Amino acid sequence: MRSALISGLFTAVVTLFFAVSATAVTPDQQQHVDGHHDHEHTEASEGFDITGVIMHHIQDEHGWHLFDWGGHPVSLSLPVILFTESGLTTFMSSEFHHDVDGKVVVEKNGERFTYYHGHIYYANAEANDHGAFITYTEDHKVANAKPLDFSITKNVASLFVTVFLMLLVFLPVAKFYKKNPGKAPKGLAGIFEPLILFVRDDVALPNIGEKHYKRFTPYLLTLFFFIWFANMLGLVPFAPGGANLSGNIAFTMVLAAMTLLLVNLNGNKDYWMHMIWMPGVPWPIRLLLAPIELVGILTKPFALMIRLFANMTAGHIVILSLISLTFVFESFAVAPASMALTLFIYVIKLLVAFLQAYIFALLTALFVGQAVAEHDHH
Amino acid sequence: MELLTPDFGLIFWTTLTFLILVVLLRALAWKPILKAVNDREDSINEALQTAEKARAEIANLKNENEEIMRQARAERDEILKEAREIKDSIVSQAKQAATNESAAMIENARKLIENERMAAVTELKNSIGELAIDIAEKILKKELDNQDSQKALVADLVKDIKLN
Amino acid sequence: MVGSIAAVGAGLAVLGVALGIGRIGGSAMDAIARQPEASGKIQTAMIISAALIEGAGLFGIVVALLGNNPA
């Protein structure tokens, strides 16, 4: 009953966010769209802009670009939520009309915003020579101020899809167990039980230890499946997949920070003792070890953050590069080789998606295990 | 670099969503799932232990059965032995009795035969005696018709008597 | 120019990591061949060490990425 309510709620929320904005082609809009494309053509005139394409795909955006139809981009419109000096401002990302060069200004509550390559800025009063309402610094960066941006971007939407999928999978699995106590698992439960047992028996139990592992197993399960689902969703080449959520530094940073908090909030006396004043070694070495151990508190989650980010982003870059080979060489002869290589990397990425989730959960369990372990002093 | 600069918005949404997800799944999914799996594992363990116990019991029973069988067999052997002994003793007793009886019968028969013989001999003796007396009487009647011959006989008999 | 030198740096970092992970993999294979019954534990230990080494390599790559930024 409760699970049905929750999944219903999520469906409603997700549907709300994904109100498709098919591009209504008003003359005014047409101009902007064309302008945008002219700009791209000038960039692409020297050849296929592989870096630009890849960077566009692995970065976040407001609105979700689905495909180009007859030369016009079609996007899912997503809500833009801004905290400005005058309070909360919301509008749909479609109001920027697919512009990414700061040429369209949206006016809300007396404030003017423009969109420039993935970020929303306060727009200038006048357009510059290129028709953009922004000013550049000397090193070609945007000088305009940014409002505090809580928008439902592509990655946030992807995050919601991930969570929705997880609830869609695990609530029925839980229901199966409630309905059939003591029976052998079937269907979804049959698929996911080995993975759940894998996390419990191979990640939590051996690293945290018999005494404490039950307390942390639910968190580790959530962590593992969250990362895995996000990774897998990132590998789906079309919406609602394809966002580089788990390859986004903000995403991995949050998860790493959670591990940092979990480990240090659960650290017992022994853990801090070993951290600050390592027992069993001469005092000069203790002095030397203390700062190393204290820095270690931060470097361990930092490594987690970088590892997941770099692995997933690198995977996306490699796949996109291989697909782009055909367009770089502008020859269909390259296509079979490009496809074969892409397929190969895709299979590896399937493995990596699982492996990275496993490693993140495993190392978290390991660190937690170190924090809660009781050392017997000799 | 742009890629390495975390967006505040995404940090906010990820934190919020992830925390909600942890709480939701802990309450609605992991608890029932882990509990069910634990319960099932416990019941399987229990079943295995029960099976083990049952197997031990069966083995025990088998041992007991064998013991009983062994005892029964021993008892049977004992009984058979006793029976054989009894039979032997009965047979030997019977044999003894038969032997004794036959011996007695033979003895009886022998005695009877002896008696008969004795009787026959006695009768024969008597008959012979009577015959002899008859013959002697007849001879004597004939011989002793005259005086002379009586005297001759006495003389003869006297002659045979030796007075010693 | 800065970008290409950063790429060389990233390449060198990956070279070190490749050597390290290669050695771990080889040793793990040896260990599993010697004690197949302990393969589960060996695999876990192998993945943990590989992850830690990979972390060091990724630091190199990220530094190279940062250096690649012309600004």
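Since we're looking at a predicted model, the values are computed, not measured. A, B, ... follow the sequence lines: proteins, then strands. Residue 1 opens every chain.
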Please classify the contact between [X] and chain B as side chain, backbone, both or neither, with a heavy-atom cut-off of under 4.5 Å.
X: A:Ile196; answer: side chain
X: A:Leu223; answer: both
X: A:Pro185; answer: both
X: A:Ala184; answer: backbone
X: A:Asp149; answer: backbone
X: A:Phe225; answer: side chain

Has the side chain of [X] got a donor or acceptor atom that lies under 3.5 Å from a matching backbone atom of [Y]?
X: A:Ser151; Y: A:Ile81; value: yes
X: B:Trp13; Y: A:Phe150; value: yes
X: A:Thr313; Y: A:Gly247; value: yes

Inset, instruction - Can you sort out the partners of B:Arg26 under side-chain hydrogen bond (donor to acceptor under 3.5 Å, both in side chains), two or more places apart, ordered by chain and number? - result: none

Is chain A contacted by the side chain of [X], its backbone, both, or neither, given a heavy-atom distance below 4.5 Å?
X: B:Ser43; result: neither
X: B:Asp7; result: both
X: B:Ile11; result: both

Legend entry - Proximal to chain A - members of residues 87-105 of chain B, heavy-atom separation under 4.5 Å: none

Inset, instruction - State which residues pass salt bridge (Lys or Arg N to Asp or Glu O under 4.0 Å) with B:Glu52; sequence neighbours excluded, sorted by chain then number. - result: B:Arg55

Legend entry - Residues of residues 226-234 of chain A near chain B, each having a heavy atom less than 4.5 Å away: A:Phe226

Legend entry - Side chain proximity check, A:Thr259 to A:Phe360, heavy atoms < 4.5 angstrom: yes

